Amino acid sequence: MRAVICEGAGGIDVLTVGEIPDPEPAVDEVVIDVVAAGVNRADLLQRQGFYPPPPGAPGTIGLEVSGRIAAVGAEVKGWAVGDECCALLAGGGYAAKVVVPAPQVMPVPAGVDLVSAAALPEVVATVWSNVFMGAHLKHGETLLVHGGASGIGTMAIQLAVAHGARVLTTVGSKDKMEFCSRLGADVAINYKDADWASVVQEATHNAGADVILDIIGAKYLSDNVKSLAYDGRLVVIGMQGGAKGELDLGRLLSRRASVTATGLRARSVADKGRIIAEVVGHVWPLVEAKKVRPIVHATLPLEAVAEAHRALEESTQIGKILLTV
């Protein structure tokens, strides 16, 4: 089958499209004929050699797809050949077919086309598991989202607004500010033009944010902690700004605040299945009611994978970039 192959680790020049063996499902897995695959920052790290797939996962890049069921393992219930679906993966998405544990497969929400459905699994599972299952964002609370125009950011804004939260977000351009405001963000901050932490304090009347979803890491750690409300929850899901920073424990203690760092890819199938079940139960109705939608910046053919990675590295996109197979 056709798939993206990395000829070593490095820049976008290592990405080529070639042939690899077709996958075969285990008894508790399905094979999906891939229609589209989402492109994520984790994919860039894997290409660079910094984020290898967990043991047992396909070596091909790609953490989410949409498509149709092509084969079903002997113990799988509820799925049949030809069913349209989307899925959260540990790897293997940049290919014509992918094998995935059945608990990580979801129906396509009504009203979403099959290609656009590939923009949902990774961002929805990440936001739901961290902001709602982990940090327990409530109606009336304030969420601060860093990188509001990213795939994760656009989904976090929409889900928070749908649950009655107030949303503040940081972005890197005026266009992204305007887009996030249209999605429902109450305050959009261009971190290139303003001290975002000061704006957060002003916008919250020095109360701070109840939940902060952070993709930056060390660079923002100090200001994130200062920006937490009493009983605030900082959730770190990325390290674009470094892995090591200084943590003010005194501030955490005085605010009864917490810091959590999480990842999704290496979780067990059971953990992912629990998250996926909640997504289908709680988020899919919002998608079908058109309160939440996938934000797709661009759709490119698989052969343009290098272009897709370049765009993500340059942060020129708003929402998701998809590859069609």
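In this chain, residues are counted from 1 in sequence order. It should be emphasised that the depicted structure is a prediction, and the values quoted were computed from it without experimental measurement.
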Problem - Any Leu143 side-chain heavy atom under 4.5 Å of Asp210 side chain - result: no

Problem - Closest contact, heavy atoms only, Glu64 versus Val123 - result: OE1-N, 4.2 Å

Handout entry: Distance in Å, Cys6 SG paired with Gln48 CD, rounded so as to fall on 0.5 Å steps
Key = 10.0 Å

Exercise for the section: Verify the cluster assignment for Val145 and Val199: are they in a single hydrophobic cluster under the rule of side-chain heavy atoms below 4.5 Å apart? Expected result: yes

Handout entry: Within-4.5 Å side-chain heavy-atom neighbours: Phe179 and Thr154
Key = yes

Completion exercise
On a heavy-atom basis, the closest approach of Val279 and Met106 is CG1-SD, 4.0 Å

Exercise for the section: Write down the atom of Ile20, the atom of Ala3, and the distance for their closest heavy-atom approach. Expected result: CD1-CB, 3.6 Å

Problem - Under 3.5 Å side-chain donor-acceptor pair for Asn190 and Lys176 - result: no

Problem - His136 ring center near Trp128 ring center (under 6.0 Å) - result: no

Exercise for the section: To the nearest 0.5 angstrom, please state how far the CG atom of Leu144 sits from the OG1 atom of Thr204. Expected result: 9.5 Å

Handout entry: Salt-bridge contact Asp22-Lys97 (side-chain N to carboxylate O under 4.0 Å)
Key = no

Problem - Where Arg41 and Ser315 come nearest, the two heavy atoms and their spacing - result: NH2-OG, 2.6 Å

Problem - Distance (rounded to the nearest 0.5 Å) between Lys244 NZ and Met239 CE - result: 11.0 Å

Problem - Arg47 with Glu313: basic N within carboxylate O range, under 4.0 Å - result: yes

Fill in the blank from the handout: Separation between CD1 (Ile61) and CG (Asn40), nearest 0.5 Å, reads 11.0 Å

Handout entry: Heavy-atom closest pair, residues Trp284 and Pro107
Key = NE1-O, 2.7 Å

Practice task
Would you check if there is a donor-acceptor pair between the side chains of Ser227 and Asn224 at a distance under 3.5 Å?
Solution key: no

Practice task
Kindly confirm or rule out a cation-pi arrangement of Arg265 over Tyr51, judged by NZ or CZ under 6.0 Å from the six-membered ring centre and within 45° of its axis?
Solution key: yes

Practice task
Can you measure from CG (Leu234) to CG (Leu252) and round to the nearest 0.5 angstrom?
Solution key: 8.5 Å

Handout entry: For the student: nearest non-hydrogen atoms of Leu168 and Thr142, plus distance
Key = CD1-CG2, 3.5 Å

Exercise for the section: Return each pair, listed once, that meets ring-ring contact (aromatic ring centres under 6.0 Å, His included) where at least one residue sits in residues 193-236; pairs must be two or more places apart or across chains. Expected result: His146-Trp196, His146-Tyr220, Trp196-Tyr220

Exercise for the section: Any chance you could measure Leu286, atom CG, to His163, atom NE2, to the nearest 0.5 Å? Expected result: 5.5 Å

Exercise for the section: Apply salt bridge (charged side-chain N to carboxylate O under 4.0 Å, His left out) to Glu141 and Arg233, showing your working. Expected result: CA-CA 11 Å; Glu141 289 192 321; Arg233 292 85 77 193; 2.9 Å; yes

